[in-house]
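Residue indices begin at 1 and follow the sequence shown.
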Amino acid sequence: MRANLAGFRRSTSMLVVVLSLSGCASVDSALFGDSGGSDDTAAPADNSAVGVSTPAPAASAGTLPAYTSSSMPGTLPPSSAPTSMAVSAGRSSSITPVMVEGGSDTGTAVNKTIQSVRSQLQTLESRLTSNAQRLADLRAASASQASAYHESKARITTRLQVGTTRGNPELVAEWNSAQASLDQLTGTINGLNALGTDLSTDSSSAHYALDTITATFNVSGAVDEDHRQLQTLEDETSQTIVLIDRLLRETSEDIQRQTAYVANERANLTTLSGAIKAGELYGADISTPMTLASSSPMMATAPAASYAGGALVTIKFDRENVDYQQILYSALTQALQSRPSASFSVIGVSPTRGTAAAVQLAQTSARRHAQDVLRSMTDMGVPATRLAVSSSTDPGVANSEVRVFVR
């Protein structure tokens, strides 16, 4: 009996092992997709197919590998592997149109003006309902596109975190899917801009109607009923103006927020492209690139002038395609020769002149340039643990620039 019991236990253990292995296979397939029997740990594919250059050898302490411009991240080829996920918008505009009260025809000339203004107001109320629905639809589309983008980016970073081959075509397809989602978000921003234009037109029409009502009070030949209708119409028009302006304000806020978000995520995608070519993540999670300085004694909001000794390199982005890599590499080499354990702070500096929207766009541009410089430094061999990135403003600059400090 003991022998039978031992045999039963061995059979049960083998069954548990088989089921466990089967479960692992299904998890791997869910995370990474069916590789068709290929092994990701095999020899890397031909990098020339995706424009990948052989990375420079790792730098020893205090030194940098030989730098060539061809080692910089390039572009990835197009691929048709879109990923989407339908989600509902988590935020909607609570717009309740005003009910326009009718009125009797008194037969006066003033009443004819009242009827004309009332018809205009009813049209504006109808457009207000339509535009509120347009904003809700655009927000839902934006939420769905952002979800699809983050799903693709999460699959890329998860695969890179556990390790993969250089220039893995599966990750290239995911990268292009993420880029397609951002392109769709850009289209949604264009829809928001068109909605903002229509709302501005409606706001102007409503204010003109209110001015007409105010002027009609002074027209002679009206009866008491005409003035009662004018007072009611004045209240309804004022309420309509409040609703239109609120919807316009919400649309403008969405435009600014989505524009900054897309610009920041395009910079993150550029960083991811270099990581895909290298087959590994450069450092910390790029989904929060501006928090790298949190572990540093220098806060992200600290002004650039607070760093002693002056900037090691100041890169002015006053034109397209600024060629700064060779100068940056020479400066880093000299700094590491003097201090092999040196760390660096990369600060994106933006101007403060112009409208609030212009300042916001300038700050976004400065952060993007700072991330580009940070990526260049990691490609040159500077360990990510020695780098911190932050942003600042300077009223004395005309264009965004990046300053690199030794710390």
Could you tell me whether the side chain of Tyr261 reaches within less than 4.5 Å of the side chain of Glu265, counting heavy atoms only?
yes
Between the side chain of Ser177 and the main-chain N/O of Ala173, is any donor-acceptor distance below 3.5 Å?
no
Sub-3.5 Å donor-acceptor pair from the side chain of Arg118 to the main-chain atoms of Glu101, do we have one?
yes
Can you name the side-chain hydrogen bond (donor to acceptor under 3.5 Å, both in side chains) partners of Asp198, sequence neighbours left out?
Arg134
Residue pairs passing the ring-ring contact (aromatic ring centres under 6.0 Å, His included) test where at least one lies in residues 189-213, sequence neighbours excluded:
none
How long is the gap from CG on Leu195 to OG on Ser252, to the nearest 0.5 Å?
9.0 Å
Using modelled atom types only, decide if a donor and an acceptor are shared between the side chain of Gln229 and the backbone of Ser104 within a distance under 3.5 Å.
yes
Applying side chain to side chain contact (heavy atoms under 4.5 Å, CB included) to Arg266 and not counting sequence neighbours gives Gln179, Leu182, Asp183, Thr186, Val262
Is any side-chain heavy atom of Asn399 closer than 4.5 Å to one of Pro351?
no
Under 4.5 Å between any side-chain heavy atoms of Thr157 and Leu272, yes or no?
yes
How far does OG of Ser203 sit from CD1 of Ile241, to the nearest 0.5 angstrom?
7.0 Å
Among residues two or more places apart or on two chains, list those pairs meeting salt bridge (Lys or Arg N to Asp or Glu O under 4.0 Å) that have a residue in residues 313-323.
none
Is Val313 close to Tyr324 at the side-chain level, that is, under 4.5 Å between some pair of heavy atoms?
no
Between Leu160 and Thr164 the two heavy atoms that sit nearest each other are CD2-CG2, 3.9 Å
Non-hydrogen side-chain atoms of Glu225 and Asn111 separated by less than 4.5 Å
no
So does Gly196 get a backbone contact from the side chain of Ser200, meaning a donor-acceptor N/O pair under 3.5 Å?
yes
Is the shortest heavy-atom distance from the side chain of Leu135 to the side chain of Leu192 under 4.5 Å?
yes
Walk me through it: do Leu387 and Val382 pass the test side chain to side chain contact (heavy atoms under 4.5 Å, CB included)?
CA-CA 8 Å; Leu387 296 174; Val382 180; 3.7 Å; yes
Do Thr113 and Thr216 have a side chain donor and acceptor closer than 3.5 Å?
no
For Asp235 and Gln239, which I'm curious about, is there any donor-acceptor pair between the side chains at under 3.5 Å?
no
For the student: nearest non-hydrogen atoms of Arg407 and Ala388, plus distance
NH2-CB, 3.5 Å
Tell me every residue that passes side-chain hydrogen bond (donor to acceptor under 3.5 Å, both in side chains) with Glu125, counting only those two or more places apart in sequence or in another chain.
Thr240
Correct closest heavy-atom pair for Val402 and Ala366 would be CG2-O, 4.5 Å
Minimum heavy-atom distance between Ala362 and Ser350, given as atom pair plus value:
O-CB, 3.5 Å
List the steps and the verdict of side chain to side chain contact (heavy atoms under 4.5 Å, CB included) for Glu250 and Asp254.
CA-CA 6 Å; Glu250 292 184 8; Asp254 282 10; 5.5 Å; no
Ignoring hydrogens and geometry, is there a side-chain-to-backbone donor-acceptor pair from Ser144 to Ala140 under 3.5 Å?
no
Does Arg228 offer a backbone N or O that forms a donor-acceptor pair with the side chain of Thr232 under 3.5 Å?
yes
Once rounded to the nearest 0.5 Å, what's the spacing between atom CG of Leu121 and atom CD1 of Ile114?
13.0 Å
Where at least one partner belongs to residues 365-400, residue pairs that pass ring-ring contact (aromatic ring centres under 6.0 Å, His included), sequence neighbours excluded
Phe317-His369
Quick one: are Met377 and Val389 in side-chain contact, heavy atoms under 4.5 Å?
no
Under 3.5 Å side-chain donor-acceptor pair for Thr188 and Gln258:
no
Let me see the working for Tyr329 and Thr333 under side chain to side chain contact (heavy atoms under 4.5 Å, CB included), right down to the final yes or no.
CA-CA 6 Å; Tyr329 180 79; Thr333 301; 3.7 Å; yes
Would you say the side-chain atoms of Ser338 pair up with the backbone N or O of Gln334, donor to acceptor, closer than 3.5 Å?
yes
Can Glu170 and Glu174 be said to form a side chain to side chain contact (heavy atoms under 4.5 Å, CB included), step by step?
CA-CA 6 Å; Glu170 293 178 350; Glu174 289 287 359; 5.9 Å; no
Does the Thr251 side chain pair with the main chain of Leu247, one donor and one acceptor, at a distance under 3.5 Å?
yes
Arg127 backbone acceptor or donor facing Asn131 side chain under 3.5 Å
yes
Return the CD1 to CH2 distance between Ile156 and Trp175, rounded to the nearest 0.5 Å.
8.5 Å
I need the Glu401 CD to Asp394 CG distance, nearest 0.5 Å.
7.0 Å
Identify the heavy atoms of Ala370 and Val346 that sit nearest to each other, and give their distance.
O-CG1, 3.6 Å
How about Phe344 and Val406: do any of their side-chain heavy atoms sit closer than 4.5 Å?
yes
Donor-acceptor pair, side chain of Ser238 and main chain of Glu234, under 3.5 angstrom:
yes
If I compare all heavy atoms of Gln325 with all of Ser376, which pair ends up nearest, and what's the gap?
NE2-OG, 4.2 Å
